[in-house]
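Written out below as structure tokens is the structure these notes cover.
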Amino acid sequence: MTGGRILLSVQGFNPQRWHELLSQSRTVVLQPDGSRDPSIEYAVVWKPRPGVLAALPNLKIIFSIGAGVDHIFSDPELPDVPIVRVVADNLTQYMTEYVVWRVLDHHRQGLTYRSQQPRHVWHEPPQPAADAIRVGILGFGTLGRAAAKALRAVGFKISGWGRTARPMPGVETYHGRDGLDPFLHSADILVCLLPLTPATRGIIDYDLLGKLNRDNAFGGAFLINAGRGQLQKDADIVRALDDGLIKEASLDVFETEPLPATSPLWSHPKVFVTPHAAATSNPAHLVPPMLAQMDAFERGDELQNVVDREAGY
Ligand code: NDP
Ligand code: OXD
């Protein structure tokens, strides 16, 4: 096999399928065997052990196994080489499904009906139509914009908030700290698809949740977070639910993962928990574009989906 070798460095799941698929084209070294190997030019990583990348003398590109790259930036010895993140239709499709599922379940009061059924309660609560409800998407990038498109097709009003101005037809867009409060005040259902950076850490707190619109047909707001757990303060979400600032929450991500058995979120009647499963990274779809980028890079082509180091995502 020709071309630079790959270090595959993964924590938290079994990388066997990634190994098999990457190995069809290049020699793959599994962490920790690659330490200081000068033939390794690429690293494919999920939560790489700190220092493992800095030890590679000829590392040229780091490929993130996910769309998020906070798991790479948390390495204090991160070498200064380009980081390529996942931008892929397959992953976007998964996230769009998750967001539409959770928005519709809150909107059509799934938690209420699931609590009524065991008690044999035959009661239809008032049900607004989708066009009476505004979904605010915090983080209006690849995943946020795809979710917006699908939710608009269902009929919801949509707002999006990002770091920079990025308009989208039919959507109210806001950006920067000045745009945050007006964005929150009009949102009935808040969907978070932000990356975790120093600027966004802890952004979903009691104060932010208190700014959502409660003057709607539900008499309350809803939170859906599929971005990163450290964007939120778990204890503030519980307090906001118990104080009536928000009615219900769907959480795919948590401050500590796996969610500790002692967390009150597990048994809270107004919380729907999934185990960081909103949009899985499927190697059958993600390995071919990674290998194609390695080939293209060796031909001298420009890399795609490179992370902005200064912005941190
Ligand atoms: P993008 O980089 O395409 O979009 C990020 C969005 O967040 C952009 O709109 C960006 O603004 C905005 N943003 C970043 N920093 C700030 C800030 N300080 N203030 C305001 N807005 C900000 O990322 P993706 O859409 O591809 O992915 C988003 C995140 O989703 C990932 O980083 C990851 O954490 C999470 N994720 C979770 C998964 C799961 O299974 N739970 C699966 C996949 C991803 P701008 O448009 O101006 O750049
Ligand atoms: C991702 C993730 O960032 O799965 O892609 O969390």
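Atoms within each ligand, like the ligands themselves, are counted from 1 in listed order.
The local environment of CZ in R134 is crowded, with over 12 non-hydrogen atoms from other residues, nucleotides or ligands closer than 6.0 Å. The environment of K60 atom NZ is dense: over 12 non-hydrogen atoms of other residues, nucleotides or ligands sit within 6.0 angstrom.
Using a 30° and 60° split on the angle between ring planes, H276 and W46 fall in the perpendicular class, above 60°.
Residue-ligand proximity: W46 is placed with a non-hydrogen atom under 4.0 Å from ligand 2. Look at R228 and you'll find a heavy atom under 4.0 Å from some atom of ligand 2. By the 4.0 Å heavy-atom criterion, H276 is counted among the residues contacting ligand 2.
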Check ligand 1 against the protein and report each N/O to N/O distance under 3.5 Å, formatted as atom name, atom name, distance.
from, atom 1, to, atom 2, distance (Å)
ligand 1, 3 (O), R85, NH2, 3.0
ligand 1, 3 (O), T142, N, 2.9
ligand 1, 3 (O), T142, OG1, 3.1
ligand 1, 9 (O), F140, N, 2.9
ligand 1, 9 (O), F140, O, 3.3
ligand 1, 9 (O), G141, N, 3.0
ligand 1, 11 (O), R163, N, 3.0
ligand 1, 11 (O), Y313, OH, 3.4
ligand 1, 21 (N), R163, N, 3.0
ligand 1, 25 (O), T142, N, 3.3
ligand 1, 25 (O), L143, N, 2.9
ligand 1, 26 (O), R85, NH1, 2.9
ligand 1, 26 (O), R85, NH2, 3.2
ligand 1, 34 (O), G227, O, 3.3
ligand 1, 34 (O), R228, NH1, 3.3
ligand 1, 40 (O), A279, N, 3.0
ligand 1, 40 (O), A279, O, 3.4
ligand 1, 41 (N), A226, O, 3.0
ligand 1, 41 (N), D252, OD2, 2.9
ligand 1, 46 (O), R166, NH1, 2.8
ligand 1, 47 (O), R163, N, 3.2
ligand 1, 47 (O), T164, N, 2.7
ligand 1, 47 (O), T164, OG1, 2.5
ligand 1, 48 (O), Y313, OH, 2.5

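Protein heavy atom closest to atom 4 (O) of ligand 2, with residue, atom name and distance, is A279 O, 3.6 Å.
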| task | Given salt bridge (Lys or Arg N to Asp or Glu O under 4.0 Å), test E310 with R163 step by step and report yes or no. | result | CA-CA 13 Å; E310 207 175 319; R163 191 169 59 92; over 6 Å; no
| message | Does K211 form a salt bridge (Lys or Arg N to Asp or Glu O under 4.0 Å) with D207? I'd like the steps, not just the answer. | response | CA-CA 7 Å; K211 292 177 180 167; D207 181 52; 3.4 Å; yes
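Each of R108, R102, H107, Q109 was checked for a side chain to side chain donor-acceptor pair (under 3.5 Å) with D105, and the lone residue meeting it is R102.
Geometric assessment of R85 against the ring of Y313 yields a negative cation-pi assignment under the 6.0 Å and 45° thresholds.
A salt bridge is defined here as a Lys NZ or Arg NE, NH1 or NH2 lying under 4.0 Å from an Asp or Glu carboxylate O, and R309 with D80 meets this definition.
Annotation: G68 places an N or O atom under 3.5 Å from an N or O atom of ligand 2; distance criterion only.
A donor-acceptor contact shorter than 3.5 Å links the side chain of D252 to the backbone of A277.
When A277, S64, A67 are ranked by how near their heavy atoms come to atom 5 (O) of ligand 2, first place goes to A67.
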